[in-house]
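Structure first, then comments.
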Amino acid sequence: MTSSMLLAAALAIACPDTAPPRLLDGFETTAGWTAHPADGVSMALLSDAGRRGRAMRLDFYFHAGGGYAIARRTLDLDLPDNYAFSFWIRGAARPNTLEFKLVDRSGDNVWWYTERAMTFDGRWHRVTIRRRQ
């Protein structure tokens, strides 16, 4: 069974104390995104209908029962002292781990948010990840 997740309605960064949200990606196209599946995993990044407008769809299939499917985009981004990332997600997949990672220019420093056993019920859900998380 091939599983899929859709990301839509904008990857945005907000500085809750000061500035209005800044749109980082509206997911209107998959331009700038690259697929990085583990060995034994098939993965495709596609454009699809979104919550509003378009969405980026991740189709993935774990042939051997485990692994990972990473969608990656490089952005030149200076983070303020207080920030939050927000996006909408919908999926048709078994419970799985959702990770959101930020990697600095050196590749040595990684900040990540992990939600284990995330369930996908086919409805759109907003995900907001704050600095403290």
Side-chain angles (χ1 to χ4, degrees):
M1 173 184 174
T2 300
S3 299
S4 66
M5 282 190 275
L6 285 94
L7 299 173
L11 173 61
I13 184 170
C15 309
D17 298 333
T18 56
R22 176 179 161 200
L23 178 66
L24 301 177
D25 194 320
F27 298 111
E28 291 298 316
T29 73
T30 60
W33 289 91
T34 54
H36 300 271
D39 290 340
V41 177
S42 299
M43 179 181 180
L45 300 177
L46 306 160
S47 184
D48 203 335
R51 184 174 167 268
R52 293 189 186 118
R54 304 298 298 165
M56 181 175 68
R57 187 176 84 216
L58 290 72
D59 286 350
F60 53 94
Y61 181 74
F62 296 103
H63 299 278
Y68 55 84
I70 297 171
R72 182 181 297 158
R73 173 150 187 201
T74 300
L75 293 170
D76 188 17
L77 182 64
D78 290 322
L79 296 174
D81 290 336
N82 189 17
Y83 58 86
F85 288 92
S86 183
F87 55 91
W88 288 85
I89 189 168
R90 171 172 75 99
R94 292 181 176 154
N96 213 316
T97 300
L98 173 71
E99 290 186 354
F100 181 88
K101 294 183 181 183
L102 301 173
V103 182
D104 74 356
R105 287 181 184 94
S106 73
D108 294 333
N109 300 297
V110 180
W111 170 93
W112 75 71
Y113 166 85
T114 301
E115 189 166 333
R116 300 194 189 288
M118 183 172 188
T119 57
F120 301 94
D121 60 10
R123 295 181 309 197
W124 288 105
H125 297 276
R126 185 176 189 150
V127 175
T128 299
I129 305 164
R130 291 171 178 75
R131 178 177 185 249
R132 71 179 181 272
Q133 294 174 298

Which heavy-atom pair separates Glu28 from Asp25 by the least distance, and what is that distance? N-OD1, 4.5 Å
Suppose we screen for ring pair (Phe, Tyr, Trp, His ring centres under 6.0 Å). Which residues come up paired with His125, at least two apart in sequence or across chains? none
Could you pull out the closest heavy-atom pair between Val41 and Gly66, with the gap in Å? CG2-O, 3.8 Å
Value rounded to 0.5 Å, distance of OH in Tyr83 from CD1 in Ile129: 10.0 Å
Nearest heavy-atom approach of Met43 to Ala71 is CE-N, 3.7 Å
Interatomic spacing from CD1 in Ile89 to CG in Leu98 - rounded to 0.5 Å: 5.0 Å
Working to the nearest 0.5 angstrom, can you tell me the gap between Asp48 CG and Arg54 CZ? 6.0 Å
Of all heavy-atom pairs between Phe120 and Arg94, which one has the smallest distance, and what is that distance? CD1-O, 3.8 Å
Within one Ile-Leu-Val-Met-Phe-Trp-Tyr cluster: Trp33 and Tyr68, side-chain cutoff 4.5 Å: no
Compare every heavy atom of Phe60 with every heavy atom of Ala93, then report the nearest pair and how far apart it is. CB-CZ, 4.1 Å
Between Leu102 and the options Leu79, Leu75, Leu77, the side-chain contact (heavy atoms from CB on, under 4.5 Å) test singles out Leu79
Roughly how far, to the nearest 0.5 Å, is CG of Leu58 from CE of Met56? 5.0 Å
First locate atom CZ of Arg90, then atom CG of Asp121, and finally report the distance between them rounded to the nearest 0.5 Å. 10.0 Å
Residue Trp112 excluded, over 12 heavy atoms near CH2 under 6.0 Å: no
Qualifying residues under side chain to side chain donor-acceptor pair (under 3.5 Å), relative to Thr29, sequence neighbours excluded: none
Just to verify, what does Arg116 make a salt bridge (Lys or Arg N to Asp or Glu O under 4.0 Å) with, not counting sequence neighbours? none
Nearest heavy atoms of Leu45 and Thr34, plus distance in Å: CD1-C, 3.5 Å
Starting at CZ of Phe87, measure out to CH2 of Trp124 and round the result to the nearest 0.5 Å. 11.0 Å
Using 30° and 60° as the class limits, which term best fits the ring planes of Phe100 and Phe85: parallel, tilted or perpendicular? tilted
May I have the step-by-step check of side chain to side chain contact (heavy atoms under 4.5 Å, CB included) for Glu99 and Ile70, ending in yes or no? CA-CA 9 Å; Glu99 290 186 354; Ile70 297 171; over 6 Å; no
